[in-house]
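All values below come from the heavy atoms of this structure, side chains included, with hydrogens, waters and symmetry mates left out. Owing to the predicted nature of the structure, the values given are computational and were not obtained by experimental measurement.
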Amino acid sequence: MSRRPRTLVVRLDSAGDVLLAGPAVRAVAAGSSHTALLCGPLGVHAAQLLPGVDEVLVHDAPWVGLDPAPVSYEQTERLLETLRAKRYDRALILVSYHQSPLPIAFLLKLAGVAWTAADSEDYPGALLDLRHRRQPHRHEVLAALDLALDSGFALPPGDDGLLRISAPPTTTDLTGPEPYVVLHPGAAVPARAWSADRAARAAAALSAAGHRVVVTGGRAEKDLTAAVAADHALDLGGMTDLHQLAGVLAGARVAVVGNTGPAHLAAAVGTPVACLFAPVVPAERWRPYNVPHVLLGDQHAQCAGSRARSCPVPGHPCLDGIGNAEVLAAVAALGATATGEEERGARR
């Protein structure tokens, strides 16, 4: 039997993108002797939560992200030296449907990686050993799994292919033991989130309807979460790292969140998602994966497919136009789903 390869998986984007790569990473790990994940600085904490990852490498690539790093010979040289020393046999480059894998493919070849695969619309020359074609309209999770399978890596028996992370911690010391709904008002770009005023009105409406509301956000979002929580919700802004946030989401009946990393984190812990989905990117590729969810927002709005970071339409109607009644109905429906699952679990 031939030796199983040392394999590198590359996903250089944000935490949500890394979480969506999780099933493909597990497929790679099932067929490899060692599995490393090369990610950007925004994806590190998510990468550390993925089952199957033996090693996390970080590179701040100048062709990725909202605020890309400057091109640096020294940083590139350090990456090449690290990759050469690790002696990977194979590499899979995971990119979104609109991204090119060729910059990192070029560096992997310079570093001596013998075999590299990626989805690529552009002609790769000698940079890819497998130029894969993604199926039309494919969800990002399934597109990554397709690439892994065609590269010789299949999910192991018994793996359902869902999003998954290492077991989240119990966070009742933060949330309290009573049932609650999470409202996560922030997002990496404003086009994918409610305005602060709209989120605050939603929190108030959820509270008035009898839900205990827990508002979450990162350290840079503490002013936002305080404004949204006001005096009718518990404000956890800036109080959780990614793993603790996973625990908070795991304990929630429902998460109300935009198309951003915490939506995929909620899916990874099995929590239903009322997803505020601005159609600047297609929902068929980025919606919460394989958990009960409701998409809230006009998917045919003027901004559809624009990949806009800030809403190009005055008043942000695709999301701020969502009524409280829609939000409450989605939370009620998803909460009923969660209750049914809990009851079925108790019977098993």
Side-chain angles (χ1 to χ4, degrees), residues 14 16-17 20 66-67 96-98 137 139-140 181-209 211 213-218 220-221 223-230 232-233 235 237 252 254-267 272-289 291-335:
S14 64
D17 301 298
L20 293 177
L66 303 176
D67 185 22
S96 300
Y97 69 100
H98 55 82
H137 314 295
H139 194 284
E140 291 293 309
V181 169
V182 163
L183 173 57
H184 188 93
V189 295
R192 302 187 190 184
W194 267 330
S195 65
D197 288 346
R198 180 66 194 90
R201 293 199 304 274
L206 286 164
S207 178
H211 298 285
V213 181
V214 174
V215 180
T216 57
E221 298 172 320
D223 290 345
L224 170 64
T225 61
V228 171
H232 40 252
D235 179 13
V254 178
V256 182
V257 57
N259 174 27
T260 188
H264 305 307
L265 190 61
V273 181
C275 189
L276 311 166
F277 203 102
V280 290
V281 295
E284 64 186 6
R285 301 181 190 273
W286 296 102
R287 67 196 305 151
Y289 185 69
V291 292
H293 66 276
V294 174
L295 293 184
L296 297 170
D298 180 4
Q299 298 306 300
H300 304 287
Q302 188 177 340
C303 63
S306 66
R307 301 212 305 268
R309 298 177 183 178
S310 296
C311 182
V313 184
H316 198 21
C318 72
L319 293 188
D320 278 9
I322 300 167
N324 284 337
E326 292 179 75
V327 177
L328 294 174
V331 169
L334 292 167

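Panel note: side chain S306, backbone A308; a donor-acceptor pair is recorded below 3.5 Å.
Pairing each heavy atom of A252 with each of V182, the nearest pair is CB-CG2, 3.8 Å. Counting all heavy atoms, side chain and backbone alike, I322 lies closest to C318 at CG1-O, 3.9 Å. Nearest heavy-atom pair, S96 versus D17, reported as atom, atom and distance to 0.1 Å: OG-OD1, 4.3 Å. A pairwise comparison of heavy atoms in Q299 and P279 identifies O-CB, 3.6 Å as the closest pair. Between A188 and L66, the shortest heavy-atom contact is O-CD1, 3.7 Å. Residues A193 and G186 share a closest heavy-atom pair of CB-C, 4.2 Å.
For the pair R198 and L319, the minimum side-chain heavy-atom distance is 4.5 Å or more. V256 places a side-chain heavy atom less than 4.5 Å from the side chain of V181. Between V215 and H184, every side-chain heavy-atom pair lies at or beyond the 4.5 Å cut-off. Side-chain contact between L276 and V257 is absent, with no heavy-atom pair separated by less than 4.5 Å. Under the 4.5 Å side-chain criterion, counting only non-hydrogen atoms from C-beta, L295 is in contact with R287. In this structure, the side chains of Y97 and E140 come closer than 4.5 Å at one or more pairs of heavy atoms. Looking at N259 and R192, their side chains come closer than 4.5 Å, going by heavy atoms from C-beta outward. Side-chain contact between L183 and W194: present, with at least one pair of heavy atoms (C-beta onward) separated by less than 4.5 Å.
Residue H300 qualifies as open at atom NE2: its count of foreign heavy atoms under 6.0 Å is 12 or below. Heavy atoms of other residues, nucleotides or ligands lying less than 6.0 angstrom from CD of Q302 number 12 at most.
Atoms CG and CG, from D320 and D197 in turn, are 8.5 Å apart once rounded to the nearest 0.5 Å.
The only option from V327, L334, V273, V254 that meets the side-chain contact (heavy atoms from CB on, under 4.5 Å) definition with V294 turns out to be L334.
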Going through the checks in order, is the side-chain contact (heavy atoms from CB on, under 4.5 Å) test met by V281 and H98? CA-CA 10 Å; V281 295; H98 55 82; 5.7 Å; no
Step-by-step side-chain contact (heavy atoms from CB on, under 4.5 Å) determination, E284 to H137: CA-CA 6 Å; E284 64 186 6; H137 314 295; 2.9 Å; yes
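Between Y289 and H264, a ring centre-to-centre spacing not shorter than 6.0 Å is recorded.
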